Novice: 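One structure is given below, represented as structure tokens, and several questions about it will come after.
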Amino acid sequence: MRKEFNDANKKAIEKNFPAKTVLVCGIGPDEYNKISACQSAKKIWEALQTAHEGTTHVKQSKINMLNTKYELFRMKDDEFIHDMHTCFTSIIIELHSLGEVISRNKLLRKILSVLPDSWENKVNAITEAKDCRH
């Protein structure tokens, strides 16, 4: 029985130790308190993932909220393009960090659609140039 245990689990233990070491060495003291009781790299990873992303339900709620923010996003008339872009980018980065990736083409269409009327000539020029390439 002991030989069976050693042969069956030796490789798993050999893989678990370096993974666990990397995870533990890569976190600060506050994070360590969250994972100190975890016995395997998998359990450490799951604890850190839950601590940072929340449960699956919380993660999905965040995604839904950010998707709503994305859909309702508009540039304000008195807003600078840089400020609008910064706000828009933060929504996209948060979505991406939660596993939601929006294609570049869709992002471009969204940005062009949220620009105020004062940008109409520029939007038309960009749209026409894009249409000519396809």
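Predicted, not measured: the structure shown is a model, and the values here were computed from it.
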Novice: Counting C-beta onward and ignoring hydrogens, is there a side-chain heavy-atom pair between Lys69 and Leu66 closer than 4.5 Å?
Specialist: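 The answer is yes; the side chains approach within 4.5 Å.
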
Novice: Return the set of residues passing side-chain hydrogen bond (donor to acceptor under 3.5 Å, both in side chains) with Asn121 (not counting sequence neighbours), or none when no residue passes.
Specialist: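 Listed in chain order: nothing, the list is empty.
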
Novice: To the nearest 0.5 angstrom, please state how far the CD1 atom of Ile92 sits from the NE2 atom of His96.
Specialist: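 Reported to 0.5 Å precision, the distance equals 10.5 Å.
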
Novice: Step through the shown structure and confirm whether more than 12 heavy atoms of other residues, nucleotides or ligands are within 6.0 Å of CG on Asp117.
Specialist: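 No.
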
Novice: Could you give the distance from CG (Leu95) to CE (Met65), rounded to the nearest 0.5 Å?
Specialist: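 If I round to the nearest 0.5 Å, the distance is 8.5 Å.
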
Novice: Which residues satisfy the salt bridge (Lys or Arg N to Asp or Glu O under 4.0 Å) test with Lys76, sequence neighbours excluded?
Specialist: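 Testing Lys76 for salt bridge (Lys or Arg N to Asp or Glu O under 4.0 Å), a comparison that skips the adjacent residues, returns none.
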
Novice: Say whether, by atom type as modelled, one donor and one acceptor occur between the side chain of Ser90 and the main chain of Cys87 under 3.5 angstrom.
Specialist: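 Answer holds: yes.
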
Novice: To the nearest 0.5 angstrom, please state how far the CD atom of Gln60 sits from the CD atom of Glu100.
Specialist: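 Gln60 atom CD to Glu100 atom CD measures 7.0 Å (nearest 0.5 Å).
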
Novice: Any chance you could lay out the side chain to side chain contact (heavy atoms under 4.5 Å, CB included) test for Leu115 and Ile81, step after step, and finish with the verdict?
Specialist: CA-CA 9 Å; Leu115 294 171; Ile81 191 79; 3.5 Å; yes

Novice: In sequence, state the C-alpha distance, the side-chain angles, and the governing distance for Lys59 and Lys62, and then conclude on side chain to side chain contact (heavy atoms under 4.5 Å, CB included).
Specialist: CA-CA 5 Å; Lys59 182 179 175 181; Lys62 287 179 184 178; 5.7 Å; no

Novice: How many angstroms lie between CD1 in Ile102 and CG in Leu108, if you round to the nearest 0.5 Å?
Specialist: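 Taking CD1 in Ile102 and CG in Leu108, the distance rounds to 13.0 Å.
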
Novice: Would you say NZ of Lys110 has more than 12 non-hydrogen atoms from neighbouring residues, nucleotides or ligands within 6.0 angstrom?
Specialist: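 Enclosed: over 12 neighbouring heavy atoms sit under 6.0 Å from NZ of Lys110.
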
Novice: Do Met84 and Trp119 share a hydrophobic cluster, counting only Ile, Leu, Val, Met, Phe, Trp and Tyr and linking them when any side-chain heavy atoms are less than 4.5 Å apart?
Specialist: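 They do share one cluster, since a chain of ILVMFWY contacts under 4.5 Å joins Met84 to Trp119.
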
Novice: Among all residues two or more places apart in sequence or in another chain, which pass the ring pair (Phe, Tyr, Trp, His ring centres under 6.0 Å) test with Phe88?
Specialist: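 For Phe88 the ring pair (Phe, Tyr, Trp, His ring centres under 6.0 Å) partners, ignoring immediate neighbours, are Tyr70, Phe73.
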
Novice: Which pair of heavy atoms, one from Lys43 and one from Cys38, lies closest together, and at what distance?
Specialist: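 Where Lys43 meets Cys38 most closely, the heavy atoms are O-SG, 3.7 Å.
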
Novice: Take Ile111 and Leu107 through the side chain to side chain contact (heavy atoms under 4.5 Å, CB included) test and state the conclusion after the steps.
Specialist: CA-CA 6 Å; Ile111 286 180; Leu107 292 173; 5.6 Å; no

